[in-house]
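Just so we're clear, the structure is a prediction, and the values are computed from it rather than from any experiment. Heavy-atom basis, side chains included; hydrogens, waters and symmetry copies ignored.
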Amino acid sequence: PKIKNGDIVLLKEVHNRTVILYGEIYLVITADYRTIKYIRKGSSTGRVMLVSENDRYDPVDISVDQILKLFLYKGKFEKSQI
């Protein structure tokens, strides 16, 4: 996987959700969970698809309104680099 357990990720907060870069990795925070996923276009306007790099997990289609905080993935430090 691109991000492994124990990695430290570098993030940039996204304040304007109308400028989501589809196909990029984001930390998505909702009322129910925090997850790092690729964001793709959703099933309809105002929705996004959260897609895992691991194909064992199904994509999740959510409303952009459910997103409380959004952070763009910028890079990482692996445990072995520290």
Rounded distance [0.5 Å steps], CG in L10 versus CZ in F77: 5.0 Å
Path from Y38 to V64 over hydrophobic side-chain contacts below 4.5 Å: no
Linked, directly or transitively: Y73 and V51 (ILVMFWY side chains, under 4.5 Å): yes
Any side-chain heavy-atom pair of L70 and I39 under 4.5 Å: yes
Pairwise salt bridge (charged side-chain N to carboxylate O under 4.0 Å, His left out) hits with a residue in residues 28-37, at least two apart: none
Student check: side-chain heavy atoms of V48 and V28 closer than 4.5 Å: no
With sequence neighbours excluded, residues passing side-chain contact (heavy atoms from CB on, under 4.5 Å) with N54: S52, R56, Y57
Pairing residues for S43 by the side-chain contact (heavy atoms from CB on, under 4.5 Å) criterion, not counting sequence neighbours: R47, D61
Common cluster, F71/L50, ILVMFWY with side-chain heavy-atom separation under 4.5 Å: no
Selection residues 7-27 - residue pairs positive for salt bridge (charged side-chain N to carboxylate O under 4.0 Å, His left out), sequence neighbours left out: D7-K76, E13-K69
Least distance between heavy atoms, Y22 atom then K41 atom: CD2-N, 3.4 Å
Results of side-chain hydrogen bond (donor to acceptor under 3.5 Å, both in side chains) for Y26 - residues two or more places apart only: none
Within one Ile-Leu-Val-Met-Phe-Trp-Tyr cluster: V14 and L21, side-chain cutoff 4.5 Å: yes
Spatial distance of atom CD1 (I3) from atom CD1 (I36) [nearest 0.5 Å]: 4.5 Å
Connected via hydrophobic side-chain network under 4.5 Å: L27 and I67: no
Criterion side-chain contact (heavy atoms from CB on, under 4.5 Å) on I25 and V9, from CA distance to verdict: CA-CA 11 Å; I25 299 173; V9 294; over 6 Å; no
side-chain hydrogen bond (donor to acceptor under 3.5 Å, both in side chains) partners for N16, two or more places apart: T18
Residue list, salt bridge (charged side-chain N to carboxylate O under 4.0 Å, His left out) with R40, at least two apart or on another chain: none
